[in-house]
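Computed from a predicted model, the values in this text were never measured in an experiment. The sequence lines fix the lettering, A, B, ..., with proteins before strands; numbering per chain opens at 1.
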2 protein chains.
Amino acid sequence: MPVSKQPRNQHVRTRRDHATELAEDYVEAIDDIEREKGECRVTDLARQFGVTHVTVNRTVSRLQRDGLVETQPYAPVTLTRRGQRLADQSRKRHEVVLQFLLALGVSEETARVDAEGIEHHVSDETLRIMQQFTASQ
Amino acid sequence: MPVSKQPRNQHVRTRRDHATELAEDYVEAIDDIEREKGECRVTDLARQFGVTHVTVNRTVSRLQRDGLVETQPYAPVTLTRRGQRLADQSRKRHEVVLQFLLALGVSEETARVDAEGIEHHVSDETLRIMQQFTASQ
DNA sequence: CCGGAAGCGTAGCCGGTGCTACGCTTGCAC
DNA sequence: GTGCAAGCGTAGCACCGGCTACGCTTCCGG
Ligand SMILES: [Mn+2]
Ligand SMILES: [Mn+2]
Ligand SMILES: [Mn+2]
Ligand SMILES: [Mn+2]
């Protein structure tokens with residue numbers, strides 16, 4: 001996977017980060033829920049994200065349109081191969097950011113919350129540096 | 001200013017961060033541009049954010065509705081007292097995050113871009129820790 | 001086997017944030 | 001003073017991602 005070119009304009013990059021954010025968080029959550037209870041239901045996602053099942057429904061439809069998940073009426077939501085790959089990548093990056101915040105001395109609860117937003121704005125360079133920092137602690 | 005209660009759910013917090021993000025970035029940009037060239041024009045903001053002047057127009061209207069900026073047709077955009085206060089706070093936080101990334105060893109260009117997104121997801125606790133880290137370097 | 005609770009789907013609403021197309025206003029060069 | 005380029009405003013479009021209201025499906029306990 002080639003590293004996508006970074007826009008010169010920082011706001012353009014941030015908007016791009018946000019455009020992919022929900023997809024990353026959803027596939028990660030689906031993977032988590034599958035691991036924990038065998039299957040992922042719309043209701044599980046609604047609880048996870050603090051939104052109604054209606055919002056989840058339409059988000060899942062978009063993800064299906066984009067080839068990241070599969071779902072049928074009244075059936076669980078599953079990841080496609082592409083979705084699984086994205087989930088793996090997203091979890092890895094999320095974990096690096098979380099462990100970095102903890103290594104820095106941030107409390108568990110705050111680190112958990114902050115990492116959820118920060119993870120999407122960390123470039124490859126910064127991610128490597130965070131990883132090194134955590135390892136060196 | 002009392003510290004607003006942090007939601008239990010990390011995604012709820014992240015959504016809240018995003019809801020205030022554009023306002024923070026706009027007032028900060030308006031303040032920057034005023035400092036640099038005396039007045040802030042719609043076109044300046046369009047260039048700064050990498051969007052069309054139409055998008056800026058409607059965003060500025062919302063900011064005016066919310067009491068953060070003042071503007072009249074064909075006139076510069078100015079900050080209200082509330083807008084100026086928000087700009088000051090936002091700049092301070094932005095600067096702490098940027099200096100932290102630099103202290104961590106991230107290159108200038110990457111730090112500039114990453115900080116633009118990260119700044120909105122850093123809680124007070126994490127901000128303090130970042131500040132201490134930077135000072136201790 | 002069946003009734004009710006939980007889960008799910010859909011219609012229709014809203015605000016936000018991007019765009020193109022098009023025409024008006026302003027200010028400067030000449 | 002005029003004309004033109006840059007700036008600006010507005011209409012109208014699209015997609016995203018929240019919501020309530022309402023009705024259908026599933027599945028489990030008795
Ligand atoms: Mn995540
Ligand atoms: Mn996240
Ligand atoms: Mn920003
Ligand atoms: Mn963000």
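- If A/Y26 and A/H53 are placed on DNA chain D by their nearest nucleotide, the residue sitting closer to the 5' end is A/Y26.
- Ion pairing between A/R112 and A/E109 holds under the 4.0 Å rule for side-chain N and carboxylate O.
- Note: OH (A/Y74) to C1' (D/dC28) measures 17 Å, nearest angstrom.
- Across all strands shown, A/V42 has heavy atoms under 4.0 Å from sugar-phosphate atoms exclusively, and none from any base.
- The CD-P distance, from B/E39 to D/dA6, rounds to 18 Å in whole Å.
- Nucleotides of DNA chain C that come within less than 4.0 Å of any heavy atom of chain A span, from the 5' end to the 3' end, C/dG7 to C/dG18.
- Partner B/H120 forms a side-chain hydrogen bond (donor to acceptor under 3.5 Å, both in side chains) with one of B/E24, B/H94, B/R16 and no other, that one being B/E24.
- When the side-chain nitrogen and oxygen atoms of A/T55 are compared with OP1 and OP2 of D/dG17, none of them lie within a distance under 4.0 Å.
- Across B/M130 and B/V122, no two heavy atoms sit closer than the pair CE-CG2, 4.1 Å.
- Looking only at distances, a side-chain donor or acceptor of B/Q64 sits under 3.5 Å from a matching main-chain atom of B/T71.
- When heavy atoms are screened at a 4.0 angstrom cut-off, B/T52 is found touching base atoms of the nucleic acid.
- Here A/V51 lies in heavy-atom contact (under 4.0 Å) with sugar-phosphate atoms only.
- In this structure, B/R65 reaches the sugar-phosphate backbone alone: every heavy-atom distance under 4.0 Å involves primed, P, OP1 or OP2 atoms, never a base.
- D/dT25 atom P lies 16 Å from atom CD of A/Q72, rounded to whole Å.
- Remark: side-chain polar atoms of B/R82 are paired, donor with acceptor, to backbone N or O of B/D66 under 3.5 angstrom.
- In this structure, B/P73 and A/R41 both approach DNA chain D, and ranking their closest nucleotides by distance from the 5' end singles out B/P73.
- Under 4.0 angstrom from either OP1 or OP2 of D/dC16 there lies no side-chain N or O belonging to A/R58.
- A donor-acceptor contact shorter than 3.5 Å links the side chain of A/R13 to the backbone of A/H121.
- No side-chain donor-acceptor contact under 3.5 Å links B/D31 to the backbone of B/D88.
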